Amino acid sequence: MSSIDRLLATVPTRLWIDGAGTDPTEGGSFAVRNPATGEVVAEVADATAKDALAALDAACRVQAEWAATSPRERSSILRRAWELVVERTEDLALLMTVEMGKTLAESRSEVAYGGEFLRWFSEEAVRIQGRYTQAPAGTGRILVTKEPVGPCLAVTPWNFPLAMGTRKIGPALAAGCTIIVKPAEDTPLTMLLLAEIFADAGLPAGVLSVLPASDAAAVTAPLLTDPRLRKVTFTGSTRVGKLLIEQSAPQVLRTSMELGGNAPFIVFDDADLDAAVEGAMAAKMRNGGEACTAANRILVHNAVREEFTAALTARIAATRVGAGYEDGSQLGPLINERQRTAVAALVDDAVSAGARLRTGGHVIDGPGFFFEPTVLDEIPAGARILREEIFGPVAAITGFDTEDEAVAAANDTEYGLAAYFYTRDLDRAMRVAGALESGMVGVNRGVISDPAAPFGGVKQSGLGSEGGTEGIEEYLTTKYIALPA
Ligand code: NAD
């Protein structure tokens, strides 16, 4: 039996409700596929509206009790969960590689990154701050306290099956909220295993539920209309985020939205080009390009464009493609056929509009959803690839001549999640960092995510922050208590 088969034989596939694996009320299941082969690796229980309401019943039953636990107790459970995640690194990593496709090295670094949200928020749980002051007129005293928002719904995407969950579960639990997670249908196994880990860490039944579903809206809609739910936190596409915001309006739910991106990656003519190529490799190829922070538009000063493009092309062309669990593989498959078709269509559109293909550009025949690592240069302004999120291993390079032109091009998008630029000039660094309309800016850095930093976007990239000291605020409400003088 291979290590994959052994792992799959023990991985939970039932719904996780009220502290236990549970069969769905309507008894259905759906297939989870290995994107490197297209083969079914598991049949997972398929939640429906009844299961969603059972999870909310459990959450509401324990909400007050959970909110009343001491911060230290919540902190200790989160800390223990982090330790168990680290102990189970190999299982979690292999599982993510099998259901999502990324390389084992990337899965291991996601375990470290995703787990870290649990440790970080175990440390934040005991530092929730209110304030006290005297009214300026001397007529009273002002006490400000923080309270948990209440039962939360989290909807997560497939590209980081662990971290996009822990980034929400960590602060929710630290704040004293209960939470129901609806993981992406392509990658539900990682979150089901995490639920078991939380139970092993001592999390009381009902505080966390996990509801895989083939029909996401069947689970989320009844929760969003139930007056007991208090918040929805979502990571995914801007299209679905807008739908969830709309559906949150009737109940005036608190919302946190981590949505799509169209990150610019600017290389100025004074940049350290070796460092810029290294940074572009990370910003573009990390997670196979399937990251909301991925460098979507690489803007290079025309004086260094050919040198940079040739060096980046050599690196990307040398990338070894293969199943994520194969030795030496540096780039796994895309998540599914739909995603691969969408990436291929963006490349074809750019090439037919006159872009130059420097390497790659095609679907790889055979089993699995592989696409060649690709570089496109001289892309005409109207090409779709400059406006839409690529979500694949395709570097799209365009040139510029002035700083103003680069900043204007970078900001010419409805998105504003991440932006990157390379320069050696400190004045320029501060000026450009200020001018970019983006929630996060990397200066001479190709990877910016850090559990201790606030992750979030502006414009249509979202609302709110995850991680950092800001992350827990999303799960707290502010109460003002007026006291006599
Ligand atoms: P998606 O929006 O299609 O799906 C995300 C989640 O929403 C999944 O769990 C899905 O089942 C659920 N969903 C889909 N339709 C729904 C509906 N009608 N009602 C309720 N839930 C629904 O996105 P995806 O393709 O899984 O993920 C890729 C997108 O996520 C990209 O746009 C990417 O930029 C974004 N993303 C953003 C961040 C961030 O932090 N800003 C991080 C990772 C991914």
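Residues take their numbers from the sequence shown, with the count starting at 1. Both counts, for ligands and for their atoms, begin at 1 and track the order of listing. All values reported here derive from a predicted model rather than from experimental measurement.
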(request) Mind checking salt bridge (Lys or Arg N to Asp or Glu O under 4.0 Å) for Glu337 and listing every partner two or more places apart, or none if nothing turns up? (result) Arg340

Distance-only donor-acceptor hits, side chain of residues 451-465, under 3.5 Å, sequence neighbours excluded:
{"unit_1": "Lys459", "atom_1": "NZ", "unit_2": "Asn411", "atom_2": "O", "d": "3.2"}
{"unit_1": "Lys459", "atom_1": "NZ", "unit_2": "Thr413", "atom_2": "O", "d": "2.8"}
{"unit_1": "Lys459", "atom_1": "NZ", "unit_2": "Glu437", "atom_2": "OE1", "d": "2.6"}
{"unit_1": "Gln460", "atom_1": "OE1", "unit_2": "Lys242", "atom_2": "NZ", "d": "2.8"}
{"unit_1": "Ser461", "atom_1": "OG", "unit_2": "Gly260", "atom_2": "O", "d": "2.6"}
{"unit_1": "Ser461", "atom_1": "OG", "unit_2": "Gly416", "atom_2": "N", "d": "2.9"}
{"unit_1": "Ser461", "atom_1": "OG", "unit_2": "Leu417", "atom_2": "N", "d": "3.3"}

(request) Look only at interatomic distance and state if Glu185 has a nitrogen or oxygen under 3.5 Å from any nitrogen or oxygen of ligand 1. (result) yes

(request) Could you tell me whether Leu417 approaches ligand 1 through its side chain, its backbone, both or neither, with non-hydrogen atoms closer than 4.0 Å? (result) side chain

(request) Verify, without hydrogens or angle tests, whether Asp18 (side chain) and Ala55 (backbone) share a donor-acceptor contact under 3.5 angstrom. (result) no

(request) With heavy atoms of Thr220 as the reference, note each atom of ligand 1 found under 4.0 Å away. (result) 19 (N), 20 (C)

(request) Report the part of Phe160 in contact with ligand 1, treating N, CA, C, O as backbone and CB onward as side chain, heavy atoms under 4.0 Å; options are side chain, backbone, both, neither. (result) neither

(request) Would you please say whether a donor-acceptor pair under 3.5 Å links the side chains of Arg33 and Asn336? (result) no

(request) Identify whether the distance between the nearest side-chain nitrogen and carboxylate oxygen of Glu90 and Arg108 falls below 4.0 Å. (result) yes

(message) Regarding atom 32 (O) of ligand 1: of the candidates Lys182, Gln339, Glu466, Glu389, which has the closest heavy atom?
(response) Glu389

(request) Before signing off on this row, confirm whether Trp158 and ligand 1 have an N or O atom pair separated by under 3.5 Å. (result) yes

(message) With a 3.5 Å distance limit and no angle check, can you tell me whether Thr374 reaches the backbone of Glu372 through a side-chain donor-acceptor pair?
(response) yes

(message) I need the atoms of ligand 1 closer than 4.0 Å to a non-hydrogen atom of Thr156, numbered in the order shown.
(response) 6 (C), 8 (C), 9 (O)

(message) Show me which atoms of ligand 1 lie under 4.0 Å from any heavy atom of Leu243.
(response) 18 (N)

(message) Asn159 versus ligand 1: do any nitrogen or oxygen atoms come within less than 3.5 Å of each other?
(response) no

(request) Verify whether the ring centers belonging to Phe391 and Trp158 lie closer than 6.0 Å. (result) yes

